[in-house]
**Q** 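Take a look at the following structure, please.
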Amino acid sequence: MLFDKKGKLFGKISIVDVLVILLIIVIGAGLYYKFGKSGTATPLTKMDTIQMSVYMESVPDYVVKNIKKGDVVKDRVQNVEVGKVVDVKTGPDISYFINDKGMAIKGSREGYSSVTVTFEGKGKYSKTGATFGGVEYYIYKNGTEWRIGNTSNFAKISDIKLIEG
């Protein structure tokens, strides 16, 4: 007989123990399905080292001077830290003006520069971009306000690279 008079399987394990073990197996399988296949970072996920660059066309020079290697980079809106600055490259300012014919023309303003800030951080890399703190980032993501050191900048992501993973 499979169960005895006391409700024990083979006279050794109670039916409650069997149900608890089955419940743990079902919960474990559900968690694996949810987190193991989705690409969601969990405390057990091995993080990748990712290098990301952001580009700003027209930034006041006093802001550019305050961006330094080693500065912490955060997505201000999502409050996610994405890494630390490893490189800052400046170029000529790129601004657009309306001429007397109502057409937009490209020019530059004195006291402004374009800047590319490159930073590295730990996240999850994929073919479509990178994920830091549960937030997805991809090239040309619009409307992101970056806190770089003690500055605040609106910039578009220009590059995402996997350094190691």
**Q** Could you tell me which residues satisfy side-chain contact (heavy atoms from CB on, under 4.5 Å) with Val59, sequence neighbours excluded, listed by chain and number?
**A**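 Only Met56, Val63, Val64, Val115, Asn153 meet the side-chain contact (heavy atoms from CB on, under 4.5 Å) criterion with Val59.
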**Q** Could you point out which residue of Thr131, Ile163, Leu162 forms a side chain to side chain contact (heavy atoms under 4.5 Å, CB included) with Tyr125?
**A**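 So the option named by the test is Leu162.
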**Q** Can you give me the closest heavy-atom contact between Lys122 and Thr49, atom names plus distance?
**A**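 So the two residues come closest at NZ-OG1, 2.6 Å.
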**Q** List the residues meeting salt bridge (charged side-chain N to carboxylate O under 4.0 Å, His left out) with Glu136, not counting sequence neighbours, and say none if there are none.
**A**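 Residues passing salt bridge (charged side-chain N to carboxylate O under 4.0 Å, His left out) with Glu136: none at all.
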**Q** Not counting sequence neighbours, which residues clear salt bridge (charged side-chain N to carboxylate O under 4.0 Å, His left out) with Asp159? List them please.
**A**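 Testing Asp159 for salt bridge (charged side-chain N to carboxylate O under 4.0 Å, His left out), a comparison that skips the adjacent residues, returns Lys161.
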**Q** For Lys68, I'd like to know if atom NZ has over 12 heavy atoms of other residues, nucleotides or ligands within 6.0 Å.
**A** yes
**Q** Taking only residues two or more places apart in sequence or in another chain, which ones pass salt bridge (charged side-chain N to carboxylate O under 4.0 Å, His left out) with Lys156?
**A** none
**Q** Would you please name every residue forming a salt bridge (charged side-chain N to carboxylate O under 4.0 Å, His left out) with Arg109, sequence neighbours left out?
**A** none
**Q** What verdict does the side chain to side chain donor-acceptor pair (under 3.5 Å) test give for Gln51 and Thr118, after you've listed the backbone C-alpha separation in whole Å, the side-chain angles of each residue and the deciding distance to 0.1 Å?
**A** CA-CA 7 Å; Gln51 188 177 79; Thr118 302; 5.7 Å; no
**Q** Can you run down the salt bridge (charged side-chain N to carboxylate O under 4.0 Å, His left out) pairs that involve residues 95-106, sequence neighbours left out, and say none if there aren't any?
**A**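 Passing the test, one end in residues 95-106: no pairs.
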**Q** Within a radius of less than 6.0 Å around NZ of Lys84, do more than 12 heavy atoms belonging to other residues, nucleotides or ligands occur?
**A** no
**Q** Mind checking whether Ile160 and Lys141 have side chains closer than 4.5 Å, heavy atoms only?
**A**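 In short, these two side chains do not touch, never coming nearer than 4.5 Å.
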